[in-house]
Enquirer: 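Could you have a look at this structure, given as structure tokens, before my questions?
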Amino acid sequence: MKNVIEVKNLTKRRKNFSLDSISFEVPNGFICGFIGQNGAGKTTTLKLMLNMALRDSGEIEILEKSNNDISVKEELGVLLDQPYFQDSWTPIDVENAMRPFYKSWDSNIYHQYLQRFSLNFGQKFKTLSRGMKMKLGLATALSHNARLLLLDEPTSGLDPVMRDEMLNILRDYMAQEDRSIFFSTHITSDLEKIADFIVYIHKGQIIYSGLKDELIEKYCLIRGGKNDLPTEKRQKIIGLREHISGFDGMIDVSHVGGFSSNVVMEAVTLEDIMVYINKTDDSGLGGDMR
Amino acid sequence: MITKMIAFDWLTMKKGLAVDFIIIPILILVSGAFHPLYMIPLSVFFSFGFTPFGAEEKGDLHYLHLSMPVKRSDVVVGRFALSFIIFLCSLILGRLLISVMGFISANIGLSFLIHPSISFSEYLTILTISYLLYALLSLLVFPVMFKLGYSKGKHISIYGGYIPLMFIFVVLAAWDWSTTVWGRRAESPIIRLIEYASENLVASGIALFIVSTSILLLSYLLSLRAYRNRDF
């Protein structure tokens, strides 16, 4: 299986933050969620992939070419935290501005998306709501037959209905062969719905890169009474929280044996994993989850 | 690619600034206070008051450029090219204004108020001085804008570029005025320089052209380096 993204030993140091020799791969044909807290390094990684930020060291390959090769961007659909169009532009101006740079630009597809998204062809960008702006950005990203979509928090700030609609658009995009999405977000519920691969960045380090289901099946939530927590198990619980009536936390499923029958175990969500990993980190634990 | 970048930058500018573009020549026309020398500030005003950098204030174009199949050097070349085209257009516009005002002056009898007549040598002098001023401002403005962007760069350009330049002009003017007051006008280096230039028009024009082009080239190379190393 070929990879659409290969990042090797990527390092970037900034004043109060650094990406510390990160490596990960994203296989072709997947929707990959790039998760992590705010400030974990998601946007910096994306900017490095797009050559907006300049790396200190490491290699990045996108669609089997170095990201320094400008032709890669012909096959990329990019939508950052907002589409950086001019306020005075209408969707028609957007097309006039973007079309000359893409050999495979398809005006029919662009206009179909505008109609599907109920975007007025003559409406100025500044008068659009955030949701409509993001839709216009997505229409642009989808109109030149891109093989890979790079999206940075595309659903952030959208209401649930709009977010769901955005996810449907991404599902439709994936219906065609040889397409992939790399989707940075901290709204993990979106990824529960559509992602099948996860890259998890935490404080500038990749702590998981693999199938979403494997990550979710690796852990479970655990809670029990005061006397249900054996001393030897205390260290195994991620993000352990003890209170008057008992304890709760998250545990690797390989360590669930040895608890009393009073202990309750439940499936985790991506959000649970992020929350408990963060708690673990605060308590001085943590590490690579791969 | 250069033509694509010029078209792109033009699209970013033309909508927001279309009105600004025509206000100044209209004001000059209707005020009746026209002088051919106005071509110098007019051309430079258009070249630097009307750039895609200004459009950045309402949307960061760099993120858009760098998400597209565009090299950083293409962005720099495109902006320099568009700025130079605007400069040339404003020189042509200025020349047209001279003709229009000449016609008005001859037919309405306002020659006491406006001064539309201009010789070829005067016109050549205006062109070369405009070019020099354009190149100097390009050196002061473009590398800073490419390094820092419009919102940060404009303050540095104003306080580090325009104001020192104006200060130098004021000092030179004051010095020249003082030499005149003290009755040694003929000894003023500026006057001597102007006299030399007017007597050796072709030589001084070529010299100014070479100096201006060198300054513009330096501005371009510095801008290219600044933008290649800019970390977003």
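Just the heavy atoms: all of them, side chains too, but no hydrogens, waters or symmetry mates, feed the values below. Bear in mind that the values here come from a model prediction, so they are computed numbers and not experimental data. Throughout, protein chains are lettered first and strands after them, A, B, ... in sequence-line order, and every chain is numbered starting at 1.
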Enquirer: Is it true that a side-chain atom of K73(A) and a backbone atom of L66(B) form a donor plus acceptor pair closer than 3.5 Å?
Expert: yes
Enquirer: Heavy-atom count around F209(B) CZ within 6.0 Å, excluding the residue itself: above 12?
Expert: no
Enquirer: Can you find a pair of side-chain heavy atoms, one from Y102(A) and one from M68(B), that are under 4.5 Å apart?
Expert: yes
Enquirer: Is the closest side-chain heavy-atom distance between H65(B) and Y84(A) below 4.5 Å?
Expert: no
Enquirer: Tell me if the CZ atom of R225(B) is crowded by more than 12 foreign heavy atoms within 6.0 Å.
Expert: no
Enquirer: Counting only heavy atoms closer than 4.5 Å, note whether M1(B) contacts chain A via side chain, backbone, both or neither.
Expert: side chain
Enquirer: Heavy-atom cut-off 4.5 Å, strictly under: side chain, backbone, both or neither for K12(A) against chain B?
Expert: side chain
Enquirer: Looking only at heavy atoms and a cut-off of under 4.5 Å, which of D9(B), V70(B), N229(B), T3(B) has the most pairs with chain A?
Expert: V70(B)
Enquirer: Whether the side chain of R72(B) engages the backbone of M52(A) through a donor-acceptor N/O pair (distance < 3.5 Å, no angle test) should be reported.
Expert: yes
Enquirer: Enter the distance from F85(A):CZ to L64(B):CG here, rounded to the nearest 0.5 Å.
Expert: 6.0 Å
Enquirer: Could you state the interatomic distance from NZ (K71(B)) to CG (N68(A)), rounded to the nearest 0.5 Å?
Expert: 11.5 Å
Enquirer: Mark yes when over 12 heavy atoms from residues, nucleotides or ligands other than K65(A) sit less than 6.0 Å from its NZ; otherwise mark no.
Expert: yes
Enquirer: Counting only heavy atoms closer than 4.5 Å, note whether F125(A) contacts chain B via side chain, backbone, both or neither.
Expert: neither
Enquirer: How many angstroms lie between CE in M98(A) and OG in S67(B), if you round to the nearest 0.5 Å?
Expert: 5.5 Å
Enquirer: Which value, rounded to the nearest 0.5 Å, describes the distance between N96(A) atom CG and W10(B) atom CH2?
Expert: 14.5 Å
Enquirer: Counting C-beta onward and ignoring hydrogens, is there a side-chain heavy-atom pair between P100(A) and F8(B) closer than 4.5 Å?
Expert: no
Enquirer: Taking everything shown except I2(B) itself, do over 12 heavy atoms lie less than 6.0 Å from its CD1?
Expert: no
Enquirer: More than 12 non-hydrogen atoms from neighbouring residues, nucleotides or ligands closer than 6.0 Å to CZ on R130(A), yes or no?
Expert: yes
Enquirer: CG/D87(A) to OG1/T12(B) distance, rounded to the nearest 0.5 angstrom?
Expert: 12.0 Å
Enquirer: Specify the closest pair of heavy atoms between F232(B) and R14(A), including all atoms of both residues, with the distance to one decimal.
Expert: O-NH2, 2.7 Å
Enquirer: I need the minimum non-hydrogen distance between D231(B) and L54(A), along with the two atoms involved.
Expert: OD1-N, 2.6 Å
Enquirer: Heavy-atom cut-off 4.5 Å, strictly under: side chain, backbone, both or neither for L76(A) against chain B?
Expert: neither
Enquirer: Taking F101(A)'s backbone N and O only, do any of them form a donor-acceptor pair with K4(B)'s side chain (distance below 3.5 Å, no angle check)?
Expert: no
Enquirer: Hey, does L11(B) have a side-chain heavy atom less than 4.5 Å from the side chain of D93(A)?
Expert: yes
